[in-house]
Enquirer: 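Sharing a structure below in structure tokens format, with a few things to ask.
Convention: sequence-line order gives letters A, B, ...; per-chain numbering from 1.
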Amino acid sequence: MVEYVNSLSIDEQKRILQERWPELLEERRVEVRKDIESLPPLPGAENLDTIVLRFAPNPDFALTLGNARPAILNYAYKLKYEALGKRTKFILRFEDTDPKIKKPMIEPFDAYELIRLDLRWLGIAWDEEHIQSERLRAGIYYDVARTLLERGQAYVCTCSEEEWRKRVREAPPDSRKPCPCRDRSPEDNLELFDKMLSGELDEGQAVVRVKTELSHPDPSVIDWVALRIVNPYKNPHPRLVKLYGESEATKYWVWPTYNFAVAVDDYLMGITHILRAQEHYVNTIKQSYIYRYMGWRQPEVIHFGRLIVEGLTLSKSKLRRLNLRPDDPRLPTLAGLRERGILPETIWEVMLQVGTKPSDAKLTLDNIYSINRRLLEPRANRYMAVIDPVEAVITGVDRDSIRVEIPYHPSFPERGKRELILKTHGGVLRVFISRRDLELLEKNKIVRLMEFANIEVLQISQELVIAKIHSYDLQIARSLKIPIIQWVPRDDNVKVIVERPDLTDLQEEELLKEYGLGEPGIRETRGGEYLQLLRYGFVKVLDKSNNEVKMRYIHS
RNA sequence: GCCCCGGUAGUAUAGCCCGGCCAAGUAUGCGGGCCUUUCGAGCCCGUGACCCGGGUUCAAAUCCCGGCCGGGGCACCA
């Protein structure tokens, strides 16, 4: 039965579940839907008939847990307004306009593809996809830049970075001297811009600046840079090289900065609402100049706080520097969490719970695990395994062969049972128990071997336990209030290796592993299946070979 | 240093814009009970918060001022 269910795709499983036990799925969906419904309304949404939202990652690495916040929140609002009968659109836009510092990642992993995968895993479906490096080729940013230059709202600045810093950034507000380039005529500016485009000017020799108030209190806002030169021979754009070859990639010398590209694209794509982290606050101010000059209507922007998970680094650049696979189970990337056994629904629940508050949200891994545990528990069948096995010899068994039936999950009797055949030799049965239960045996003297019998401990050492059958009835165990422990037959078991990735210590070269033995039923499990190893924790099955099953520990 | 933004129980949030229905809701955690062949889940009961000070007002979590604390930004990165 389990094998049959597992042989089906997730969608098929869902469909069957839907037909036969709709309440199981319904419950979850209703819960998420309720969370989405209770999201506070977006400002001005009631006056619009179409709500357009976007998620705009830089494809320099796989998505982290931190990126899931804007991705899910923006998408959740799409779903919210869709449910309210509005027309909606959700756009995925790759912001890859920096071939130099935050270079897009194509090798050894294609971050564009990684991100699409992460989003699909989260159940996010986008209506449109755009890539800024492609839009650059289409001349979109250059056109807007020319318009601003023509109107005198932007200018080509040929000052060096140091010059600019001294003149404007470090000067007290009242003695700021505008740079002489500011007064250049539109004709001269356009001519210089063409020189930038053609490669006649090199990196650092010219930038396009947007005119702002010189008195703005934040010096970074003043005449901020909209486009700059990146020498394509020194810093070719990896995506353009891969797709169109060197000769095409080297044509593009001028790249828009984030703020310019975002303002242009948000307008052209008709974005109505932007939910993003508060680190973008100043960017919103910078971008507002473009909207004003171009006479565009500005989208509503909501800034939310940062997501902090105690003990984890969510910074993409830091994670990238570790040189691990993006889906390394120790990484707080979505891919890593997926490998670890964190469910996408868990991520959703966390993000909806955290919401759009402007202050930081500090979570602990335990917070996340408790949600995941709740969602995983009904899906994970239960098996017995003993870590660090110790042999127990049980005497006084009055039968030659014993059949024990164990349900896959007590809450779901329809999943059936598996059986364990125990052979005895002259009234003696040999099993393995977990080393960490020795203490328990010492304290209690009588314990119950789960689903089997109550035993009385006669002798106990680090290597061997000798016990005799006390009784079989569960009711007796109850009335004696003795502990119930898991066990594995000595003559029929499977080797179990459990990887325990530590998310908080990435320095460690080797993954921590635990070794043990599992009941024979574990052989039937499939790679990717979630199990609950009784009194141990939830694990994900990785792969099986011979009589060995590799697993990854998820949480208790 | 300068410029923003915030501060509701252990944690995460609702309420704040538009003051009264808030002796503050929800989730999780914690304590207890029921149920249950692990743990959990479920059900029931309990626990626990408006950063501080002043002001406005008949009335303040909500508006105003000051302080304290926390976060973010200050790139030819995104």
Side-chain angles (χ1 to χ4, degrees), chain A residues 31 34-35 38 40 43 56-60 94-104 132 157 159-161 164-165 169-170 172-173 203-209 216-222 224-230 254-259 261-262 276-286 303-308 310 316-317 349-350 352-364 366-368 370-371 373-378 380 382 384 406-407 410-411 437 448-452 454 473-475 477-478 482-486 532-538 556:
Chain A
E31 208 172 298
K34 245 194 325 199
D35 284 345
S38 62
N58 178 346
D60 60 345
F94 289 106
E95 309 213 316
D96 58 347
T97 59
D98 177 21
K100 195 174 171 182
I101 299 167
K102 285 190 179 164
K103 205 188 285 204
Q132 288 186 327
C157 175
C159 302
S160 72
E161 252 185 288
W164 178 265
R165 197 169 47 231
R169 205 147 286 169
E170 284 167 7
E203 275 182 29
Q205 292 184 334
V207 292
V208 175
R209 290 186 181 277
H216 198 282
D218 189 331
S220 82
V221 171
I222 297 165
W224 56 273
V225 173
L227 300 103
R228 82 295 202 182
I229 299 169
V230 179
V254 176
W255 289 84
T257 59
Y258 168 77
N259 282 304
V262 164
R276 62 180 169 203
Q278 61 156 308
E279 66 193 76
H280 287 295
Y281 198 89
V282 208
N283 292 328
T284 306
I285 297 167
K286 293 184 185 176
H303 295 103
F304 48 75
R306 294 187 102 196
L307 183 75
I308 297 164
E310 212 172 273
K316 272 208 279 189
S317 49
E349 210 167 310
V350 169
L352 289 177
Q353 206 177 85
V354 160
T356 59
K357 263 192 65 154
S359 47
D360 288 352
K362 289 180 204 121
L363 301 171
T364 61
D366 286 340
N367 273 161
I368 297 170
S370 80
I371 295 172
R373 184 182 301 119
R374 196 178 72 232
L375 299 174
L376 213 47
E377 194 278 337
R382 302 177 185 187
M384 298 195 290
I406 308 175
S411 316
D437 283 334
R448 179 169 179 81
L449 297 183
M450 192 183 292
E451 302 279 358
F452 172 47
N454 310 316
D473 199 342
L474 172 63
Q475 292 315 315
R478 286 235 181 97
I482 56 174
I484 297 168
I485 64 167
Q486 79 279 18
Q532 182 182 167
L533 295 186
L534 289 156
R535 302 210 310 132
Y536 178 71
F538 291 88
S556 61

Enquirer: Calculate the interatomic distance between Leu375(A) atom CG and G42(B) atom P; express it in whole Å.
Expert: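 Atom-to-atom, Leu375(A) to G42(B), this comes out as 11 Å.
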Enquirer: Looking at every strand, decide which applies to Asp366(A) at a 4.0 Å heavy-atom threshold: base, sugar-phosphate, or nothing.
Expert: nothing
Enquirer: Salt-bridge test for Glu349(A) and Arg374(A): reply yes if a basic N is under 4.0 Å from a carboxylate O, no otherwise.
Expert: yes
Enquirer: What is the nucleic acid contact for Glu95(A), judged by heavy atoms within less than 4.0 Å: base, sugar-phosphate only, or nothing?
Expert: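 Sugar-phosphate contact only - Glu95(A) comes under 4.0 Å of backbone atoms but never of a base.
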Enquirer: What does Arg373(A) touch in the nucleic acid at a heavy-atom separation under 4.0 angstrom: a base, only the sugar-phosphate, or nothing?
Expert: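 Here Arg373(A) touches the backbone only, sparing every base.
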Enquirer: Base, sugar-phosphate, or nothing for Lys362(A), non-hydrogen atoms under 4.0 angstrom?
Expert: sugar-phosphate
Enquirer: Taking the side chain of Tyr281(A) as heavy atoms from C-beta outward, which of U11(B), C76(B), C5(B) is closest to it?
Expert: C5(B)
Enquirer: Counting side-chain heavy atoms from C-beta on, which of C39(B), G73(B), A12(B) comes nearest to Leu363(A)?
Expert: A12(B)
Enquirer: Checking contacts here: which listed nucleotide (G73(B), U13(B), A78(B)) is nearest the side-chain heavy atoms of Asp218(A)?
Expert: G73(B)
Enquirer: Ignoring hydrogens, what is the shortest heavy-atom contact between Phe538(A) and Ser556(A)? Give both atom names and the distance.
Expert: CD1-O, 3.5 Å
Enquirer: Take atom P in C18(B) and the same atom in C76(B), then report the distance between them in whole Å.
Expert: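 Roughly 39 Å separates the two P atoms.
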Enquirer: Stepwise, does the side-chain contact (heavy atoms from CB on, under 4.5 Å) test hold for Arg382(A) with Ile406(A)?
Expert: CA-CA 9 Å; Arg382(A) 302 177 185 187; Ile406(A) 308 175; over 6 Å; no
Enquirer: Which part of the nucleic acid, if any, lies within contact of Gly305(A), taking any heavy atom under 4.0 Å across all strands shown: a base, the sugar-phosphate backbone alone, or nothing?
Expert: nothing
Enquirer: Side chain of Asp98(A), heavy atoms from C-beta onward: which of C74(B), C76(B), C77(B) has the nearest atom to it?
Expert: C77(B)
Enquirer: Measure from CE on Met450(A) to P on U36(B) and round the result to the nearest Å.
Expert: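 Value for this atom pair: 16 Å.
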Enquirer: Any side-chain N or O of Arg228(A) under 4.0 Å from OP1/OP2 of C77(B)?
Expert: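 Yes, because at least one side-chain N or O of Arg228(A) sits under 4.0 Å from OP1 or OP2 of C77(B).
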Enquirer: Say you pick atom C1' in A24(B) and the same atom in G19(B); how far apart are they, in whole Å?
Expert: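 Here A24(B) and G19(B) have their C1' atoms 15 Å from each other.
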Enquirer: Contact class for His280(A) (heavy atom, under 4.0 Å): base, sugar-phosphate, or nothing?
Expert: base
Enquirer: Using a heavy-atom cut-off of 4.0 Å across all strands, would you classify Val207(A) as base, sugar-phosphate, or nothing?
Expert: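 The residue Val207(A) makes base contact.
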Enquirer: Can a salt bridge be assigned to the pair Asp366(A) and Arg373(A) using a cut-off of 4.0 Å between side-chain N and carboxylate O?
Expert: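 Judged by the 4.0 Å cut-off on N to carboxylate O distance, Asp366(A) and Arg373(A) do not form a salt bridge.
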Enquirer: Which heavy atom of His303(A) sits nearest a heavy atom of Ala277(A), and at what distance?
Expert: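 It is CD2-O, 3.5 Å.
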Enquirer: Closest heavy-atom contact between Lys100(A) and Val230(A)?
Expert: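 Smallest interatomic distance, heavy atoms only, reads CB-CG1, 4.3 Å.
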Enquirer: Pro256(A) versus Leu227(A): any side-chain heavy-atom pair under 4.5 Å?
Expert: yes
Enquirer: Would the distance check show the side chain of Asn283(A) and the main-chain N or O of Asn259(A) forming a donor-acceptor pair, the cut-off being under 3.5 Å?
Expert: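 Not confirmed, Asn283(A) side chain does not pair with Asn259(A) backbone.
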Enquirer: Would you indicate what Thr97(A) reaches in the nucleic acid, counting non-hydrogen atoms under 4.0 angstrom: base, sugar-phosphate, or nothing?
Expert: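 The answer is sugar-phosphate, as Thr97(A) gets under 4.0 Å only of primed atoms, P, OP1 or OP2.
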Enquirer: Over all strands shown, is Arg306(A) touching base, sugar-phosphate only, or nothing at heavy-atom distances under 4.0 angstrom?
Expert: sugar-phosphate
Enquirer: On RNA chain B, compare the nucleotides closest to Leu534(A) and Gln132(A); which residue's is nearer the 5' end?
Expert: Leu534(A)
Enquirer: If you check the Gln278(A) side chain, which of G71(B), G40(B), U28(B) turns out closest?
Expert: G71(B)
Enquirer: Base, sugar-phosphate, or nothing for Thr284(A), non-hydrogen atoms under 4.0 angstrom?
Expert: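 The residue Thr284(A) makes no contact with any strand.
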Enquirer: Without decimals, in angstroms, what is the distance between Lys286(A) NZ and G72(B) C1'?
Expert: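 The answer, rounded to whole Å, is 14 Å.
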Enquirer: Would you say the base of A78(B) and the side-chain of Asn283(A) have a donor-acceptor pair closer than 3.5 Å?
Expert: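 Present.
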Enquirer: Under 4.0 Å, heavy atoms only, any strand: does Thr257(A) hit a base, just the sugar-phosphate, or nothing?
Expert: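 Sugar-phosphate contact only.
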Enquirer: Lys357(A) NZ to C5(B) P: how many Å, rounded?
Expert: 16 Å
Enquirer: Round to a whole Å and report the spacing from CD of Glu377(A) to P of A41(B).
Expert: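 Distance check: Glu377(A) CD to A41(B) P gives 9 Å.
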Enquirer: For the base of G73(B), is there a side-chain donor-acceptor partner from Glu279(A) under 3.5 Å away?
Expert: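 Under the 3.5 Å cut-off, the side chain and the base do not form any donor-acceptor pair.
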Enquirer: Please tell me which of the listed nucleotides, C3(B), C5(B), A78(B), lies nearest to the side chain of Pro217(A)?
Expert: C3(B)
Enquirer: Only Watson-Crick and G-U wobble pairs with both distances less than 3.5 Å should count. Give RNA chain B in dot-bracket notation, marking inter-strand partners with |.
Expert: (((((((..((((......[....))))((((((.......))))))...(((((..]....))))))))))))....
Enquirer: Can you tell me, in whole Å, how much space there is between the P of U47(B) and that of C52(B)?
Expert: 22 Å
Enquirer: Using a cut-off of 4.0 Å on non-hydrogen atoms, how would the nucleic acid contact of Leu474(A) be classed: base, sugar-phosphate, or nothing?
Expert: base
Enquirer: Phe538(A) CZ to A41(B) C1': how many Å, rounded?
Expert: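 Distance check: Phe538(A) CZ to A41(B) C1' gives 10 Å.
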Enquirer: Counting only side-chain heavy atoms from C-beta out, which of G6(B), C76(B), U38(B) sits nearest to Ile484(A)?
Expert: U38(B)
Enquirer: Counting distance only, does the side-chain N/O of Gln278(A) pair as donor-acceptor with the main-chain N or O of Pro358(A) below 3.5 Å?
Expert: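 At least one qualifying donor-acceptor pair exists.
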Enquirer: Taking the P atom of each, how far is A60(B) from C21(B), in whole Å?
Expert: 11 Å
Enquirer: What closest approach, in Å, do Arg276(A) and Val262(A) show between heavy atoms, and which atom pair accounts for it?
Expert: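 That closest heavy-atom pairing would be NH1-CG1, 4.2 Å.
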Enquirer: To the nearest angstrom, how far is Arg382(A) atom CZ from U36(B) atom P?
Expert: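 Going from Arg382(A) (CZ) to U36(B) (P), I get 14 Å.
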Enquirer: Provide the distance between the two P atoms, one in U13(B) and one in G72(B), to the nearest whole Å.
Expert: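 Approximately 15 Å lies between the P atom of U13(B) and that of G72(B).
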Enquirer: Please check if the side chain of Asn454(A) supplies one atom and the backbone of Asp473(A) the other of a donor-acceptor pair under 3.5 Å.
Expert: yes
Enquirer: For nucleotides G42(B) and U26(B), find the distance between their P atoms and express it as a whole number of Å.
Expert: 15 Å
Enquirer: Between A14(B), C4(B), A78(B), which nucleotide has the shortest distance from any of its atoms to the side chain of Asn58(A)?
Expert: A78(B)
Enquirer: Considering only the C1' atoms, how many Å lie between C34(B) and C16(B), rounded to the nearest integer?
Expert: 41 Å
Enquirer: Heavy atoms under 4.0 Å, any strand shown: does Gln353(A) hit a base, just sugar-phosphate, or nothing?
Expert: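 Sugar-phosphate only.
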Enquirer: Choosing from U11(B), G7(B), A78(B), which nucleotide comes nearest the side chain of Lys102(A)?
Expert: A78(B)
Enquirer: Looking for any heavy atom pair under 4.0 Å, which part of the strands does Glu203(A) touch: base, sugar-phosphate only, or nothing?
Expert: nothing
Enquirer: Pick the C1' atom in G7(B) and in A49(B), then give their distance to the nearest Å.
Expert: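 These two C1' atoms come out 12 Å apart once rounded.
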Enquirer: What is the distance, to the nearest angstrom, from the OH atom on Tyr536(A) to the C1' atom on U38(B)?
Expert: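 After rounding, the gap between these two atoms is 15 Å.
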